[in-house]
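Indexing begins at 1, ligand by ligand and atom by atom, following the structure's order.
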Amino acid sequence: MSAPSARPGTRPCRLADLPAVLAITNAVILGHHANFHTEPRQLAELEAEWQADHGAYPWLVALGPGGEVLGFAKAGAYKPRRAYLWTAEVTVYLGAASRGQGLGTRLYAELLAELAARGFHLALAGIALPNEASEALHRRLGFHLAGVLPEVGHKHGRWHDVAQYALRLGEAHDSPGPPG
Ligand SMILES: CC(C)(COP(=O)(O)OP(=O)(O)OC[C@H]1O[C@@H](n2cnc3c(N)ncnc32)[C@H](O)[C@@H]1OP(=O)(O)O)[C@@H](O)C(=O)NCCC(=O)NCCS
């Protein structure tokens, strides 16, 4: 595994960060359709996900001046089948007070750079619509709209399309080594 890129205010997510990551996640789950869970997630569940994923995929947190977690960005497997090994599903969440100031762009750019450095080929993000900020963020970082799944989720009393945004992270190789 390569060393994570160092940038002030951004570092790999640690076990001790997970309660803050959970709080940010659950606020979105309860208040927004951006996350298709409908009930708050549990800490043990997030810890298990982190234990399983954070070696193979980058998980980053953005920190405030006092070391508090302002947001996180993480990658994980798109699907468990072997041929998808070079594709990572990515996401980024900020606490409400930290949005709209360029932090999501900076944090996500770090995550994508780390994925590219590790040899991943494609980053894929599913955006439940409408989500103007998230679509703008993905377009800004070079993602293109690969397709829209119509009315694939129902939350808060309405149907939501999910836009699939894709970003090629590196050159296509015929015989890529395993990412890592
Ligand atoms: C989506 C999110 C990560 C964006 O991060 P951010 O720090 O707020 O975004 P930035 O300030 O870096 O701005 C990124 C782009 O979004 C645009 N933007 C930001 N907030 C916006 C808003 N409320 N409405 C419309 N556009 C917005 C910015 O203008 C910028 O676009 P530009 O580059 O074309 O000027 C953040 O809003 C968030 O955490 N939202 C809740 C969780 C979520 O939806 N996550 C994405 C799941 S797919």
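Taking every heavy atom of T105 and a limit of under 4.0 angstrom, the matching atoms of ligand 1 come to 10 (P), 12 (O), 13 (O), 14 (C). Counting the atoms of ligand 1 from 1 in the order shown, those under 4.0 Å from a heavy atom of A34 are 44 (O). Close approach of ligand 1 to E132 (heavy-atom distance below 4.0 Å) involves ligand atoms 25 (C). Here is the list of ligand 1 atoms found below 4.0 Å of a heavy atom in G100: 6 (P), 7 (O), 8 (O), 11 (O). If you number the atoms of ligand 1 from 1 as listed, the ones under 4.0 Å from a heavy atom of Q101 come out as 11 (O). Applying the 4.0 Å criterion to heavy atoms of Y93 picks out, from ligand 1, the atoms 39 (O).
For the pair G126 and ligand 1, the shortest N or O to N or O distance does not fall below 3.5 Å. Checked against a 3.5 angstrom limit, the closest N/O atoms of G104 and ligand 1 fall inside it. Where the criterion is an N or O separation shorter than 3.5 Å, residue side chain and backbone included, A136 fails it with respect to ligand 1.
The distance between the ring centers of W59 and H54 does not fall below 6.0 angstrom.
Under a 4.0 Å N-O distance rule, the pair E114/R118 qualifies as a salt bridge. Taking a cutoff of 4.0 Å between a charged side-chain nitrogen and a carboxylate oxygen, E49 and R41 qualify as a salt bridge.
For atom 48 (S) of ligand 1, the closest heavy atom belonging to the protein is S134 OG, 3.3 Å. Protein heavy atom at the shortest distance from atom 4 (C) of ligand 1 is L137 CD2, 4.0 Å. Looking only at protein heavy atoms, the nearest one to atom 39 (O) of ligand 1 is L94 N, 2.8 Å. Closest to atom 45 (N) of ligand 1 among all protein heavy atoms lies V92 O, 2.9 Å. Counting protein heavy atoms only, atom 11 (O) of ligand 1 is closest to G102 N, 2.7 Å.
Of the inter-residue distances, the one linking L60 atom CG with T10 atom OG1 reads 7.0 Å to the nearest 0.5 angstrom. One distance of note links NE2 of H160 with NZ of K155; it measures 8.0 Å at 0.5 Å rounding.
Classification of the Y84-Y78 ring pair by plane angle, with boundaries at 30° and 60°, yields perpendicular.
Under the 3.5 Å distance criterion, the side-chain polar atoms of S98 are left unmatched by any main-chain donor or acceptor of L94.
Residue-level proximity to ligand 1 for A133 is carried by backbone and side chain together, each with a heavy atom below 4.0 angstrom.
When the shell of 6.0 Å around CZ of R168 is examined, it contains 12 or fewer heavy atoms from other residues, nucleotides or ligands. Counting heavy-atom neighbours within 6.0 Å of E132 CD, excluding the residue itself, gives a total of 12 or less.
Taking all heavy atoms of N131, L103, N35 into account, the minimum distance to atom 44 (O) of ligand 1 is reached by N131. Residue R140 holds the heavy atom nearest to atom 32 (P) of ligand 1 of all those in R140, R99, H138.
Side-chain N/O atoms of E135 and Y165 include a donor and acceptor closer than 3.5 Å.
Distance check for atom 29 (O) of ligand 1: every protein heavy atom is found at 4.0 Å or beyond.
Using a 4.5 Å heavy-atom threshold, the side chains of L141 and R139 count as separate.
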Legend entry - Full working for side-chain contact (heavy atoms from CB on, under 4.5 Å) between V92 and L111: CA-CA 9 Å; V92 54; L111 186 87; over 6 Å; no
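Using 4.0 Å as the threshold, A125 has no heavy atom nearer than that to any atom of ligand 1.
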